[in-house]
Amino acid sequence: VLTARSGLMTAAQSHDRIALVASTLEHRAGRRWRSLQNTANAAQILYFSVSEWSSYRRGTDFYPESVLIWLEVDTTLRKLTDDRKSMDDFCHAFYAGHEGQPIIETYTFADLVSTLNGIAPYDWASFFRSRLDSTAANAPLGGISGGGWRLVYNDDPNEIQSAEDEISGSSDFTPAIGLRVKRDGAIVDAVPGMPAFESGLGPYSKIIGINGLAFSVEEMKRAIRDSKSNSTAIELQIEKAGKLETHKIQYHGGNQFPHLERLIDAPDYLDEILKPLTGTAVN
């Protein structure tokens, strides 16, 4: 929100960022056994965990998933108050300072719920607990839909994902086949239940060939793109523990990059949230 309001990101880039966060969390296979609350409880372990099998283990998801949860809080506040109140009002009330020297002031879950109820009465305790304790397969996307948008996938690259792949040195094919690989073909993660995992692929192995050609990220993108018009499986040559293996990925969906798409006839709360503040005091 701050990067968009300050102009460090455009609205379109902010949309792609939110879409990427939502897509990543939608493909966390570990959602079925580890709740968001548990990722916070296990933070001291997850902070230092390796990237391999991160989808099934989950990571410090309480950071990115909070983006979705608090977006839903904001859109809910706006709906409950006919767009008169928002997260801006919550921040003014909850983070209000004190006269004089700075002090350390702790807070509880009850304090948070009480502040929200003071802005717009609602069952906020159940709202948060249901999202914190859930082991449902899907991520909480109510803030996106409540904001007038929806998560979609197409073959148009996600600008933020492309930038992150360039920096990290890995490529994320998760929405398509459930696979993350490094530039040299080393497999970072395979998502249980998705095509790459079902073909027998997993971390600690390396892709050296794709459909008879030497591995490259671009060749991988091409094979996934062409799968939409190709009835044959994507054939990968794998090096694993000094042995060579052939794996066939049964997939024909083409590239799947996450984006947000506007919902017709729904209020556009999301872009309203991302707009710079006018400087008018919030009461």
Side-chain angles (χ1 to χ4, degrees), residues 1-6 8-9 14 17-18 20-22 24-25 28 30-31 33-50 54 57-81 83-136 138-144 146-147 269-270 272-283:
V1 172
L2 292 179
T3 53
R5 288 182 176 180
S6 65
L8 290 174
M9 274 191 182
S14 298
R17 176 61 182 159
I18 294 170
L20 182 58
V21 168
T24 300
L25 294 167
R28 287 288 205 231
R31 302 188 70 88
W33 73 271
R34 171 168 266 163
S35 69
L36 186 63
Q37 179 69 64
N38 189 269
T39 69
N41 297 343
Q44 69 274 20
I45 298 172
L46 296 175
Y47 272 125
F48 306 103
S49 58
V50 298
S54 58
R57 180 184 59 249
R58 300 194 71 170
T60 52
D61 290 353
F62 51 89
Y63 284 124
E65 195 155 331
S66 290
V67 173
L68 303 181
I69 292 174
W70 285 103
L71 176 60
E72 188 171 3
V73 170
D74 202 338
T75 58
T76 302
L77 286 172
R78 292 169 187 267
K79 290 179 180 179
L80 290 172
T81 62
D83 207 14
R84 290 181 290 106
K85 300 290 184 179
S86 70
M87 275 292 294
D88 296 323
D89 297 274
F90 170 80
C91 289
H92 273 263
F94 197 71
Y95 297 111
H98 299 268
E99 295 293 335
Q101 293 297 315
I103 63 171
I104 296 175
E105 185 174 342
T106 60
Y107 66 90
T108 66
F109 181 78
D111 293 331
L112 184 149
V113 169
S114 176
T115 304
L116 282 169
N117 276 320
I119 298 169
Y122 191 63
D123 190 359
W124 292 110
S126 296
F127 173 93
F128 283 108
R129 287 265 54 101
S130 63
R131 288 152 183 77
L132 292 170
D133 300 330
S134 172
T135 51
N138 299 111
L141 304 183
I144 293 175
Y269 287 135
L270 177 58
E272 187 176 333
I273 291 167
L274 298 177
K275 285 180 181 177
L277 299 181
T278 61
T280 303
V282 179
N283 297 318

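Taking a cutoff of 4.0 Å between a charged side-chain nitrogen and a carboxylate oxygen, R131 and E72 qualify as a salt bridge.
Below 30°, between 30° and 60°, or above 60°: for Y63 and Y47 the angle between ring planes is between 30° and 60°, a tilted geometry.
To the nearest 0.5 Å, the span separating OG1 on T60 from CZ on F48 amounts to 10.5 Å. Expressed to the nearest 0.5 Å, how far CD1 of I45 lies from OG1 of T39 amounts to 12.0 Å. With rounding to the nearest 0.5 angstrom, the CZ atom of F127 is 5.0 Å from the OG1 atom of T76. To the nearest 0.5 angstrom, L274 atom CG is 5.5 Å from I18 atom CD1.
Heavy-atom minimum distance, S86 versus D74: CB-OD1, 3.4 Å. Closest approach of P64 and V21 over heavy atoms only: O-CG1, 3.5 Å. Across P140 and E65, no two heavy atoms sit closer than the pair CD-OE2, 3.3 Å. The two atoms that bring S126 and D123 nearest to each other are OG-OD2, 2.8 Å, heavy atoms only. Pairing each heavy atom of S14 with each of A4, the nearest pair is OG-CB, 3.3 Å. Smallest separation of non-hydrogen atoms from Q44 and N41: OE1-O, 3.1 Å.
Atom CG of L2 sits in a sparse spot, with 12 or fewer heavy atoms from other residues, nucleotides or ligands closer than 6.0 Å. Within 6.0 Å of OH on Y122 lie no more than 12 heavy atoms contributed by other residues, nucleotides or ligands. For F109, the CZ atom counts as densely surrounded, since its 6.0 Å shell holds more than 12 non-hydrogen atoms of other residues, nucleotides or ligands.
Side-chain polar atoms of D111 and T108 form a donor-acceptor pair below 3.5 angstrom.
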(request) Show the numbers, then the answer: is there a side-chain contact (heavy atoms from CB on, under 4.5 Å) between V67 and L71? (result) CA-CA 6 Å; V67 173; L71 176 60; 5.5 Å; no

(request) Show your working on side-chain contact (heavy atoms from CB on, under 4.5 Å) between L112 and W124 and close with a plain yes or no. (result) CA-CA 9 Å; L112 184 149; W124 292 110; over 6 Å; no

(message) Using the rule given for side-chain contact (heavy atoms from CB on, under 4.5 Å), can you reason through F62 versus L132, listing the C-alpha separation, both sets of side-chain angles and the distance that settles it, and then say yes or no?
(response) CA-CA 9 Å; F62 51 89; L132 292 170; over 6 Å; no

(request) Evaluate side-chain contact (heavy atoms from CB on, under 4.5 Å) for T3 paired with R17, printing each intermediate quantity in order. (result) CA-CA 11 Å; T3 53; R17 176 61 182 159; over 6 Å; no

(message) Quick one, W70 with F90, criterion ring-ring contact (aromatic ring centres under 6.0 Å, His included). Give me CA distance, side-chain angles, the key distance, then yes/no.
(response) CA-CA 11 Å; W70 285 103; F90 170 80; 5.4 Å; yes

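When side chains are defined from C-beta on, L141 does not count as touching L25, because their heavy atoms never get closer than 4.5 Å. Side-chain contact check for R58 versus N38: every heavy-atom pair is 4.5 Å or farther apart. Within the 4.5 Å cutoff, the side chain of I119 has no heavy atoms near those of the F94 side chain. Side-chain atoms of I144 and L270, non-hydrogen and from C-beta on, never get closer than 4.5 Å to each other. In this structure, the side chains of I69 and L36 come closer than 4.5 Å at one or more pairs of heavy atoms.
Of the possible donor and acceptor atoms, one in the side chain of R84 sits under 3.5 Å from a partner among the backbone N and O of T81. Although no hydrogens or angles enter the test, the distance criterion places a donor-acceptor pair under 3.5 Å between the side chain of R34 and the main chain of R57. The backbone N or O of I273 sits less than 3.5 Å from a side-chain atom of R5, completing a donor-acceptor pair. Not one N or O on the side chain of R78 forms a donor-acceptor pair closer than 3.5 Å with the backbone of Y269.
Only one option out of H92, K85, M87 pairs with D89 in a side chain to side chain contact (heavy atoms under 4.5 Å, CB included); it is K85.
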